[in-house]
Amino acid sequence: MKDTKALIIGAGGFVGSYLINCLRHEFHMEVHATKLNGTTFSHPSARIYDLDILDREAVRKLLDKIRPDYIFHLAAQSSVSAAWKDPMLTIDVNIKGSVNVMDAVRELPYKPRILIIGSGEEYGHIRDGQTPISEETMLRPGNLYAATKACQNMIGSIYAKAYGMEIILVRAFNHVGPGQAPIFVVSDFCKQTAEIEMGLREPLIRVGNLSARRDFTDVRDVVRAYGLLSLKGTAGETYNVGSGTAIKIRQILDLIVGMSSAKIGVEVDPAKIRPVDVPVIEADIIKITKATGWKPVISIEQTIKETLDYWRKR
Ligand code: A2R
């Protein structure tokens, strides 16, 4: 795909670097990427620009300057717990910011393909018999982050139909891997374990709700799905990206502890229990598999081992 230009908006976070690598080296695209103003981020395989998606005019100018063929919109306030603490910022970035991006794309004199990244959290309170969750399942968001992502998805779908835009919508379930911030459960447990091994903390992992079941996919599988969807997804359609198998947080914890030689105890930390929690989230991935042939290939054991090693080296 020589001379094909990709633009990643919000590349300074967890997924960004993996997506840059994937688009450059697997899809052979020329990669441009944005980071939030005032933050530090660089990558050898992409040209980096400053961008705050709340600045409408700046979004418009940058898109007009780069004229990308494919746009990957990752920029978000992506933390469920931070959304409880600052709902207004989450609404601004995840809804208003996304509309700024879609409006800027609409004003271009051609139709790039744009992937809008939402979340499996959008489905929220799943009823008995509704798992695995297909894209047609009614959305009942259980937290503020999920509500903003559901809104982003709805607006994206309306824009695709109303303006004939090449917008492809994604609901990404939990993704994990080396480099993820320790506010997310797998990274948090791995970091605590590495610190215990090094004698930096008492031999006690602090946990939240261990009975919740979540669908985890390695971030490298996730970004490959994004690349394939940008090429093969149908405009206006939503695709789940997940492993297709929910796993108990307790099992994740056991796997991590089992990979450590340290003797580790477990303590429930009330601060880690969220105000509203959803018991099971598991993706139905038939739609993306049919459209693109994608399937995750990296096992949860491999992801955990590499995430643990990542924290051991830090
Ligand atoms: O808040 P920072 O400094 O971590 O920057 C984040 C950036 N971001 C923004 N970019 C432009 N304008 C804004 N107003 C703005 N606010 C935040 O978006 C961060 O660099 C990036 C999102 O990265 P993460 O939070 O690490 O998310 P991750 O794991 O890369 O997930 C990518 C997408 C998000 O839409 C998630 O909600 C979804 O996948 O699951």
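Throughout, numbering of the chain's residues begins at 1 and tracks the sequence. Counting starts at 1 for both ligands and their atoms, in listed order.
Using a 4.0 Å cut-off between charged nitrogen and carboxylate oxygen, E122 and R171 count as a salt-bridge pair. K305 has no carboxylate O lying under 4.0 Å from a charged side-chain N of E301, or vice versa, which leaves the two without a salt bridge.
M165 and Y70 are assigned to two separate hydrophobic clusters, defined by single-linkage of ILVMFWY side chains at heavy-atom distances under 4.5 Å.
Between the side chains of T307 and D309, no donor-acceptor pair of N or O atoms lies under 3.5 Å.
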Please tabulate, one line per pair, the protein N or O atoms found under 3.5 Å from any N or O atom of ligand 1, giving the distance to one decimal.
from: ligand 1; atom 1: 12 (N); to: I53; atom 2: N; distance (Å): 3.0
from: ligand 1; atom 1: 14 (N); to: D52; atom 2: OD1; distance (Å): 2.9
from: ligand 1; atom 1: 18 (O); to: A76; atom 2: N; distance (Å): 3.2
from: ligand 1; atom 1: 20 (O); to: G13; atom 2: N; distance (Å): 3.1
from: ligand 1; atom 1: 25 (O); to: S78; atom 2: OG; distance (Å): 2.6
from: ligand 1; atom 1: 26 (O); to: F14; atom 2: N; distance (Å): 2.9
from: ligand 1; atom 1: 27 (O); to: S78; atom 2: OG; distance (Å): 3.4
from: ligand 1; atom 1: 30 (O); to: F14; atom 2: N; distance (Å): 3.3
from: ligand 1; atom 1: 30 (O); to: V15; atom 2: N; distance (Å): 2.8
from: ligand 1; atom 1: 35 (O); to: L74; atom 2: O; distance (Å): 2.9
from: ligand 1; atom 1: 35 (O); to: K149; atom 2: NZ; distance (Å): 2.8
from: ligand 1; atom 1: 37 (O); to: Y145; atom 2: OH; distance (Å): 2.6
from: ligand 1; atom 1: 37 (O); to: K149; atom 2: NZ; distance (Å): 3.2

If you look only at distance, which donor and acceptor atoms sit under 3.5 Å apart when one is on a side chain in residues 113-120 and the other is two or more places apart or in another chain?
from: R113; atom 1: NE; to: S230; atom 2: O; distance (Å): 2.7
from: R113; atom 1: NH1; to: E166; atom 2: OE1; distance (Å): 2.6
from: R113; atom 1: NH2; to: S230; atom 2: O; distance (Å): 3.4
from: R113; atom 1: NH2; to: G233; atom 2: O; distance (Å): 2.4
from: S119; atom 1: OG; to: E121; atom 2: N; distance (Å): 2.9

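Note on ring orientation: taking the six-membered ring where Trp is involved, the planes of H175 and Y226 are perpendicular (angle over 60°, cut-offs 30° and 60°).
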